[in-house]
Amino acid sequence: MCRTVYRPTAPGRGPGGSVPYGLPMRATASVLHVDLDAFFAAVEQRDKPSLRGRPVVVGGTGRRGVVSTASYEARHYGVRSAMPAWQARAQLPGGAAFLSGRFDAYRRSSRAALGVLRELSSVVEQVSIDEAYADLAPDWPVDGWSRADAEALAERLRAGVRGATGGLTASVGVGSSKMMAKMASEASKPDGLRVIWPGEEAAFLADLPMRALPGVGPATTEKLRTFGAVTVADLRRMALPDLVSILGEASGHGVHDLARGIDRREVTTHREAKSVSAEETFHQDLTDVREVTAELGLLARRVAARLEKAGLFGRTVGVKLRRHDFSTHLRSTTLAHGTDRAELITEQAVRLALGIGVGDGVRLLGVSVSGFVEHSQELMPLDLGPGVTSGSQESHTADVSSETDAAVGWDDEESHAARLGRVAWPTGADVVHAEHGAGWVWGSGLGRVTVRFEGPTTGPGPIRTFEADDPALRRSDPPAWAP
DNA sequence: TCTGGGGTCCTAGGACCC
DNA sequence: TCTGGGGTCCTAGGACCC
């Protein structure tokens, strides 16, 4: 709910450990937020003069499409983001344009606008294609400056964006935190600029509906409304223990802080991805298991391609299945090692999805991979149940000469105390099976595989490699030579 | 005629370990 | 016979954001 709010893990300290918890993070208006106005629709109106002054909706144009961005002319008729396209059509007069979007053009304009921002600040955090924060403190004398200085800088940015993008307008907010900067830009829209000077936060927030706080959505609003809260000032009057009991630990503290304008999140230039997913809503519900299987394969390939491009290997494969009644079901499974391989992801996704059941029809399918681990050289710890915890460690290596999948196996009848400790595979092992006496490892890629044994051992027998199509091997079973 | 796609974070319960 | 707590990992689902 209030994931946007930083919660210190150690009580009494903010991020970095230097800011006492409970005090505003900054005494200067040094965080800036830029938001490109009605971005997708504005790009379309810029490139197609015939669309200017008319309602423009960019989004899904199919039977089950939703509005991604509505131009201000369309918003005049009550059209909003996330609204079903059919509803937008019903609300708009003739002459309104419905477009499916040209993402390359949007990316180009986004990059141009971001370039202007980077000229002003060395610490820029891109939040989405049309939004970014900048920390002004490293590059500007924010301690000594005035409101007029902040406004001049923001205006310079807006003019720069207009020039670099062929006339797109941006709304800019400046404040003492990310939250205040964002709320300032929101308040200035469209084509505006607003500085909330330190000390003005409480007055700015007081009369706003609590829904205006970033992180307070429909569900939270409804919960709090039953306790009589409407505005941010109402929230401020609620005691922390009450908020926690209504909203839970994290959101309770989060809302308590938000209502006071407290937000200690830093502007960060880089964030690590935590998951990669692809999903699709079908024009017609799927009822055939074979169709479901085929679609999962396509989605898995999209995910695998993006993992590979990013150099990521994930251990957890998830599926999302939405039924015709819009009920949504999630299943996930965690592998012993990371993967980026479409076949393995497909195999797991199909297994999970069929476990949920197709029901009366599948409206949406999704595939995700998360739980990223370091790739190839990462040593994967293997859990083999109770085993030897002390003693010697031995490593054995084998060369893998096949470019396709291969297996490495070993035989260790003499030492029943040894257990497999870790395996390093060139591009990540895919299936691992091991017992005290013998084991095998599936993987792909060329190179040397290292298998490490832990505990007292007389040494494993010869490590052998197999081609993927070796008849002695089957994907999910130990090889024939295993005891 | 219903309600996209890409993400992040939080919660609660169970398993398992110490 | 009854009864611990804390920590971590995993899973399913909810909420929120753009």
> To the nearest Å, how far apart are Gln87(A) CD and dT3(B) C1'?
9 Å
> Does Phe103(A) have Arg107(A) sitting over its ring (NZ/CZ under 6.0 Å from centre, angle to axis within 45°)?
no
> Given atom CZ of Arg63(A) and atom P of dG4(B), what is their separation to the nearest angstrom?
11 Å
> Choosing from dC2(B), dT11(B), dT8(B), which nucleotide comes nearest the side chain of Ala250(A)?
dT11(B)
> What contact category does Lys182(A) fall into here, base, sugar-phosphate, or nothing, at under 4.0 angstrom with non-hydrogen atoms?
sugar-phosphate
> Among dC16(C), dC18(C), dA12(C), which nucleotide sits nearest the side chain of Asp130(A)?
dC18(C)
> Can you identify which nucleotide, out of dG6(B), dC18(C), dC10(C), has its nearest atom closest to the Arg315(A) side chain?
dC10(C)
> May I ask you to verify if any side-chain N or O of Ser128(A) is less than 4.0 angstrom from the OP1 or OP2 atom of dG7(B)?
no
> Going by an N to O cut-off under 4.0 Å, is there a salt bridge joining Glu155(A) and Arg194(A)?
no
> Whole-Å distance between dG4(B) P and Arg363(A) CZ?
5 Å
> Listed in order of residue number, which residues of residues 34-44 of chain A have a non-hydrogen atom at under 4.0 Å from DNA chain C?
none
> Does a nitrogen or oxygen in the side chain of Thr328(A) sit under 4.0 Å from OP1 or OP2 of dG13(C)?
no
> Does the side chain of Thr281(A) get closer than 4.0 angstrom to OP1 or OP2 of dG5(B) through an N or O atom?
yes
> Among dG5(B), dG4(B), dC2(B), find the nucleotide with the atom closest to the side chain of Glu279(A).
dG5(B)
> Between Asp340(A) and Arg306(A), does any side-chain N to carboxylate O distance fall below 4.0 Å?
no
> Taking any heavy-atom pair under 4.0 Å as a contact, classify Ser81(A): base, sugar-phosphate, or nothing.
nothing
> State the syn/anti category of dC2(B) according to its glycosidic angle, syn meaning within 90° of 0.
syn
> Answer yes or no for this row: Phe326(A) ring on dT3(B) base, centroids under 5.5 Å, planes under 30°.
yes
> Between the main-chain N or O of Arg75(A) and the side-chain N or O of Arg80(A), is there a donor-acceptor pair closer than 3.5 Å?
yes
> Examine dT8(B): is either OP1 or OP2 under 4.0 Å from a nitrogen or oxygen in the side chain of Arg271(A)? Give yes or no.
no
> When you measure from the side-chain N and O atoms of Lys274(A) to the phosphate of dG7(B), is any distance below 4.0 Å, counting only OP1 and OP2?
no
> Is it true that the NZ or CZ of Arg89(A) lies under 6.0 Å from the centre of Phe98(A)'s six-membered ring and within 45 degrees of the ring axis?
yes
> What contact category does Ala90(A) fall into here, base, sugar-phosphate, or nothing, at under 4.0 angstrom with non-hydrogen atoms?
nothing
> Map every base of DNA chain B to its dot-bracket character, where paired means a Watson-Crick or G-U wobble contact with both distances under 3.5 Å and | marks a partner outside the strand.
....||||||||||||||
> Starting from P on dG5(B), measure out to CG on Leu365(A) and report it in whole angstrom.
11 Å
> Testing His329(A), His324(A), Arg323(A) one by one against Ser327(A) for a side chain to side chain donor-acceptor pair (under 3.5 Å), which residue passes?
His329(A)
> Quickly work out the Arg89(A) CZ to dT3(B) P distance and round it to whole Å.
13 Å
> Which of these, Lys178(A), Arg265(A), Arg26(A), sits in a salt bridge (Lys or Arg N to Asp or Glu O under 4.0 Å) with Asp135(A)?
Arg26(A)
> Which nucleotide sits closest to the side chain of Arg306(A): dT11(C), dG13(C), dG7(B)?
dG7(B)
> Would you indicate, yes or no, if dG13(C) has its OP1 or OP2 atom less than 4.0 angstrom from a side-chain nitrogen or oxygen of Arg331(A)?
yes
> Val66(A) or Ala273(A): which one's nearest nucleotide on DNA chain B is closer to the 5' end?
Val66(A)
> Rounded at 0.5 Å granularity, tell me how far CG in Asp263(A) sits from CD in Glu201(A).
11.0 Å
> For the residue pair Phe40(A) and Tyr106(A), does the interplanar ring angle fall in the parallel (under 30°), tilted (30 to 60°) or perpendicular (over 60°) class?
parallel
> By nearest nucleotide on DNA chain B, pick out whichever of Trp86(A) and Gly248(A) is the more 5' one.
Trp86(A)
> Please work out if Leu364(A) contacts a base, only the sugar-phosphate, or nothing of the nucleic acid, heavy-atom cut-off 4.0 Å.
sugar-phosphate
> Taking only side-chain nitrogens and oxygens of Ser277(A), does any of them come within less than 4.0 Å of OP1 or OP2 of dG6(B)?
no
> I want to verify a distance call: between dG6(B), dC18(C), dA15(C), whose nearest atom is closest to the Ala219(A) side chain?
dA15(C)
> Could you tell me the separation between the CD atom of Glu131(A) and the C1' atom of dG6(B), rounded to a whole number of Å?
15 Å
> State which residue, out of Leu247(A), Leu240(A), Leu258(A), fulfils the side-chain contact (heavy atoms from CB on, under 4.5 Å) condition with His253(A).
Leu240(A)
> Would you kindly give the CZ-to-P distance between Arg302(A) and dG6(B), to the nearest whole Å?
6 Å
> Atom CZ of Arg64(A) to atom P of dC2(B): distance rounded to whole Å?
7 Å
> So what does Val67(A) touch, heavy atoms closer than 4.0 Å: a base, only the sugar-phosphate, or nothing?
nothing
> Provide the distance between the two C1' atoms, one in dC17(B) and one in dG4(C), to the nearest whole Å.
14 Å
> What do the steps show when you test Met183(A) against Leu208(A) for side chain to side chain contact (heavy atoms under 4.5 Å, CB included), and what is the final call?
CA-CA 10 Å; Met183(A) 295 190 78; Leu208(A) 292 175; 3.7 Å; yes
> Give a yes/no on whether any side-chain N or O of Arg322(A) is located under 4.0 angstrom from OP1 or OP2 of dT3(B).
no
> Describe the nucleic acid contact of Ala82(A) in one word from base, sugar-phosphate, nothing, applying a heavy-atom distance below 4.0 Å.
base
> Please determine whether a side-chain nitrogen or oxygen atom of Thr220(A) lies at a distance below 4.0 Å from atom OP1 or OP2 of dC16(C).
yes
> For Arg302(A), which of Glu308(A), Glu280(A), Glu295(A) qualifies under salt bridge (Lys or Arg N to Asp or Glu O under 4.0 Å)?
Glu280(A)
